[in-house]
**Q** 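Got a structure here, written out as structure tokens. Questions coming.
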Amino acid sequence: QVQLVESGGGLVQAGGSLRLSCSASVTIFRGTDMGWYRQAPGKQRELVAVISSALTTNYADSVKGRFTISRDDVARTVYLQMSSLKPEDTAVYYCSMTTPFHTYWGQGTQVTVSS
């Protein structure tokens, strides 16, 4: 079974920081592309950041310079370090893992940024 479990969400003041973690159960983690997506109420799910097995990264324009994605292949964990948070960052954040065969999703963790 493939399992992705997010943690680290919560309530933070605007301008603050938060770190999200996602742990995966699969043994082929080191060969996968990992990503973070988010979905705000009434909005479509959108890409936040991705990191490949070769450590190539890509970010949404709205978070560039504020968020950093990283991975630990030994721990089978991907992280999203968020700083300078804005109220518009409020959303449920989802972890994803993409293989040549399928994309898997976690259950999501709520991030709320107050003004």
Side-chain angles (χ1 to χ4, degrees):
Q1 297 277 19
V2 175
Q3 290 183 300
L4 301 174
V5 181
E6 301 98 335
S7 63
L11 175 65
V12 65
Q13 291 283 332
S17 298
L18 208 60
R19 187 189 71 179
L20 306 183
S21 299
C22 172
S23 296
S25 64
V26 296
T27 59
I28 59 170
F29 181 89
R30 67 176 62 250
T32 65
D33 296 333
M34 303 296 298
W36 287 98
Y37 292 72
R38 67 187 182 188
Q39 187 168 21
K43 304 280 288 184
Q44 299 287 338
R45 186 175 298 185
E46 64 177 350
L47 172 70
V48 177
V50 292
I51 184 167
S52 74
S53 60
L55 303 184
T56 300
T57 59
N58 192 32
Y59 298 90
D61 288 341
S62 60
V63 306
K64 286 181 179 177
R66 300 189 298 120
F67 291 9
T68 301
I69 188 171
S70 60
R71 65 190 293 162
D72 182 340
D73 287 356
V74 175
R76 298 176 182 175
T77 302
V78 62
Y79 304 93
L80 185 68
Q81 179 66 51
M82 305 182 292
S83 62
S84 301
L85 283 162
K86 306 173 181 179
E88 50 263 46
D89 294 319
T90 295
V92 177
Y93 283 70
Y94 297 90
C95 175
S96 73
M97 180 181 70
T98 299
T99 73
F101 310 102
H102 193 70
T103 296
Y104 302 91
W105 297 92
Q107 293 298 114
T109 185
Q110 177 70 47
V111 172
T112 302
V113 184
S114 62
S115 60

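In this chain, residues are counted from 1 in sequence order. It should be emphasised that the depicted structure is a prediction, and the values quoted were computed from it without experimental measurement.
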**Q** How long is the span from the CG atom in Asn58 to the OG atom in Ser52, to the nearest 0.5 Å?
**A** 10.0 Å
**Q** Measuring from Leu4:CG to Ser23:OG, what's the distance to the nearest 0.5 Å?
**A** 9.0 Å
**Q** Do side-chain atoms of Arg76 reach the backbone of Ser25 as a donor and acceptor pair under 3.5 angstrom?
**A**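 Looks like yes, one N/O pair under 3.5 Å.
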**Q** Looking at every heavy atom in both Arg66 and Leu85, which two are closest together, and how far apart are they?
**A**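 Reported closest heavy-atom pair: NH1-CA, 3.9 Å.
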**Q** Using the rule that two of Ile, Leu, Val, Met, Phe, Trp, Tyr join whenever any of their side-chain heavy atoms come within less than 4.5 Å, decide whether Val5 and Val74 are in one cluster.
**A** no
**Q** Using the rule that two of Ile, Leu, Val, Met, Phe, Trp, Tyr join whenever any of their side-chain heavy atoms come within less than 4.5 Å, decide whether Val111 and Tyr94 are in one cluster.
**A**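 Each belongs to a different hydrophobic cluster.
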**Q** State which residue, out of Asp73, Val50, Ile51, Thr77, fulfils the side-chain contact (heavy atoms from CB on, under 4.5 Å) condition with Met34.
**A** Ile51
**Q** For Val78 and Cys95, work out which heavy atoms get closest and say how close.
**A** CG1-SG, 3.7 Å
**Q** For Trp36 versus Glu6, what's the shortest heavy-atom pair and its separation?
**A**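 Result for this residue pair: CZ3-CG, 3.8 Å.
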**Q** Looking only at heavy atoms, which two atoms of Ser84 and Asp89 are closest? And how far apart?
**A** O-OD2, 4.5 Å
**Q** Would you kindly confirm whether Val12 and Leu80 end up in one hydrophobic cluster when ILVMFWY residues are joined by side chain heavy atoms under 4.5 Å apart?
**A** yes
**Q** How long is the span from the OG1 atom in Thr57 to the CZ atom in Phe67, to the nearest 0.5 Å?
**A** 14.5 Å
**Q** Minimum heavy-atom separation for Thr68 and Tyr59, please, with both atom names.
**A** CA-OH, 3.4 Å
**Q** I'd like to know if the side chain of Thr90 reaches the main chain of Val113, judged simply by a donor and an acceptor atom lying under 3.5 Å from each other, with no hydrogens or angles considered.
**A** yes
**Q** Report the C-alpha distance between Asp61 and Lys64 in whole Å, list the side-chain angles of each, state the deciding distance to 0.1 Å, and finish with yes or no for salt bridge (charged side-chain N to carboxylate O under 4.0 Å, His left out).
**A** CA-CA 5 Å; Asp61 288 341; Lys64 286 181 179 177; 3.1 Å; yes
**Q** Using 0.5 Å steps for rounding, measure from the CD atom of Gln39 to the CD atom of Gln44.
**A**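 Gln39 CD to Gln44 CD: 7.0 Å, rounded to 0.5 Å.
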**Q** Just by distance, with hydrogens left out, do Thr32 and Thr99 show a side-chain donor and acceptor under 3.5 Å apart?
**A** no
**Q** Nearest 0.5 Å please: distance from the CE atom of Met97 over to the SG atom of Cys22.
**A** 8.5 Å
**Q** Are Val2 and His102 close enough that some pair of their side-chain heavy atoms sits under 4.5 Å apart?
**A** no
**Q** Heavy-atom count check: over 12 atoms from other residues, nucleotides or ligands less than 6.0 Å from Gln107 CD?
**A** no
**Q** With side chains defined as the heavy atoms from C-beta onward, is the minimum distance between Arg38 and Val63 less than 4.5 Å?
**A** yes
**Q** Show your working on side chain to side chain contact (heavy atoms under 4.5 Å, CB included) between Asp72 and Tyr79 and close with a plain yes or no.
**A** CA-CA 8 Å; Asp72 182 340; Tyr79 304 93; 4.2 Å; yes
**Q** Can you label the angle between the Tyr37 ring and the Trp105 ring as parallel, tilted or perpendicular, going by 30° and 60°?
**A**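 Geometry flag for Trp105 against Tyr37: perpendicular rings.
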**Q** Please tell me whether Tyr93 and Tyr104 are part of a single hydrophobic cluster in this structure, the criterion being side-chain heavy atoms less than 4.5 Å apart.
**A**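 In one cluster: yes.
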**Q** Closest approach of Ser17 and Gln81, non-hydrogen atoms and distance?
**A**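 Minimum heavy-atom contact is CB-NE2, 4.1 Å.
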